[in-house]
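Have a look at the structure below before the remarks.
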There are 2 protein chains.
Amino acid sequence: MNTKHLSYMELALKLASEAAARNEVPVGAIVVDPLKKRILSLSSNRTEELNDATAHAELLALQEAAIKHGGHRLNGCDLYVTLEPCPMCAAAISLARIRRLYFGAPDLKSGGVDHGAKIFNQNTCHHRPEIYRGINEIRSQKLLQQFFASRRS
Amino acid sequence: MNTKHLSYMELALKLASEAAARNEVPVGAIVVDPLKKRILSLSSNRTEELNDATAHAELLALQEAAIKHGGHRLNGCDLYVTLEPCPMCAAAISLARIRRLYFGAPDLKSGGVDHGAKIFNQNTCHHRPEIYRGINEIRSQKLLQQFFASRRS
């Protein structure tokens, strides 16, 4: 994993931390156009703030990136997210034609890439990104563990 | 199926027809609060108009309904949609805690309820709505067939 990918994930972790400070589940996501070396969107969970169960970091990042990209298909663009996407977000990543998905920690309970629905493994999935796992996994997991521990105390 | 459900699906079909007239894939969705006998949202596909691959009828209907409902969990609310939801929308329906899902035509190619990811059958799915299928199925199918035939010609 070269420094470019690590610095993008670093940015996503920063967004996740900021989400925790706003009492949102700490997940951060960014969409990058690697050819133009341009960050198209920076997002984190906003389900509480927006009163919207669909306002996950990845969905918001895809929506914002599409506006910047000027088209709803983000061909050639990559998405970095601190946690394994849920089935909703994984399916959205497929619909948006993301080229590469980089994610941090696995989500055994609600993930939709390597767990449960395994969105990209289905014959109804019409676009599969290349997938890179485990980038800064421990830091992402710690952020989530601290967040949920602080809510229980 | 009583007349109340048929009239809600009738409304969703009207929204789907209007989408076709705007060159959007003809799918319509509405969210209803049955206790208050109130329609919370009326939506149809807007992926082309909004340049957003996630702007499916169901997702937009859930987002608008959450604003009206005043909370991101639509407990007790029902969703009517003319086509079997894709995995993204099925997972969003679960996240939003929709009570009952009524849908029209099956979607063999891209559906996520009875096909492919079968979102509500997964152990990572934390809320399963009651599901009612095949309401005005033929009319919904015809709308879609006519739409795709007109684009091929």
Side-chain angles (χ1 to χ4, degrees), chain A residues 24-25 45-56 58-75 77 84-98 106-127, chain B residues 24-25 45-56 58-75 77 84-98 106-127:
Chain A
E24 303 274 0
V25 175
N45 260 348
R46 294 172 70 193
T47 53
E48 300 299 327
E49 178 192 346
L50 299 179
N51 248 341
D52 176 3
T54 73
H56 285 189
E58 302 94 310
L59 214 69
L60 297 174
L62 291 171
Q63 290 166 345
E64 191 187 324
I67 294 169
K68 297 260 179 68
H69 196 64
H72 57 78
R73 292 199 166 175
L74 298 165
N75 296 307
C77 296
E84 177 186 346
C86 79
M88 175 184 73
C89 293
I93 285 164
S94 175
L95 287 169
R97 304 290 190 265
I98 285 290
D107 187 350
L108 280 66
K109 199 180 149 212
S110 305
V113 176
D114 295 328
H115 302 91
K118 294 183 180 175
I119 291 294
F120 304 121
N121 296 6
Q122 306 300 335
N123 59 3
T124 48
C125 176
H126 309 302
H127 170 82
Chain B
E24 302 274 3
V25 175
N45 261 348
R46 295 173 69 195
T47 53
E48 299 300 327
E49 178 192 346
L50 298 179
N51 248 343
D52 176 3
T54 74
H56 285 189
E58 303 94 310
L59 215 68
L60 297 174
L62 292 170
Q63 289 166 345
E64 192 186 324
I67 295 169
K68 297 261 180 65
H69 197 64
H72 58 79
R73 292 199 166 175
L74 298 165
N75 296 305
C77 295
E84 176 187 347
C86 78
M88 174 184 72
C89 292
I93 286 164
S94 175
L95 288 169
R97 304 291 190 266
I98 285 289
D107 186 350
L108 280 65
K109 200 181 148 211
S110 305
V113 177
D114 295 328
H115 301 92
K118 296 184 178 175
I119 291 294
F120 305 121
N121 297 5
Q122 305 300 334
N123 60 2
T124 47
C125 176
H126 309 302
H127 169 83

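Chain identifiers are assigned alphabetically (A, B, ...) following the order of the sequence lines, protein sequences preceding nucleic acid strands; residue numbering begins at 1 within each chain.
Rounding to the nearest 0.5 Å places CG of Leu62(A) at 8.5 Å from CG of Asp52(B).
Neither the backbone nor the side chain of Lys118(A) comes within contact range of chain B, judged by heavy atoms closer than 4.5 Å. Only the backbone of Leu108(A) comes within contact range of chain B, with heavy atoms under 4.5 Å apart. Neither the backbone nor the side chain of Ile93(B) comes within contact range of chain A, judged by heavy atoms closer than 4.5 Å. Thr54(A) touches chain B through its side chain: at least one heavy atom from C-beta onward sits under 4.5 Å away, while N, CA, C and O do not. Both the backbone and the side chain of Leu95(B) come within contact range of chain A, with heavy atoms under 4.5 Å apart.
Ranked by heavy-atom pairs shorter than 4.5 Å toward chain A, the options Ala66(B), Ser94(B), Gly116(B) are led by Gly116(B). The choice from Pro87(A), Gly71(A), Ala96(A) that makes the most heavy-atom pairs within less than 4.5 Å of chain B is Gly71(A). Chain B forms the most heavy-atom pairs under 4.5 Å with one residue out of Glu48(A), Arg73(A), His69(A), and that residue is Glu48(A).
Within the 4.5 Å cutoff, side-chain heavy atoms of Leu59(B) are placed close to those of Leu59(A).
The two residues Ala92(B) and Met88(A) have their closest heavy-atom pair at CB-SD, 3.7 Å. Summarising the geometry of His72(A) relative to Thr47(B), their closest heavy-atom pair is CD2-O, 3.5 Å, with the distance given to 0.1 Å.
Atom NZ of Lys109(B) has 12 or fewer heavy atoms from other residues, nucleotides or ligands within 6.0 Å.
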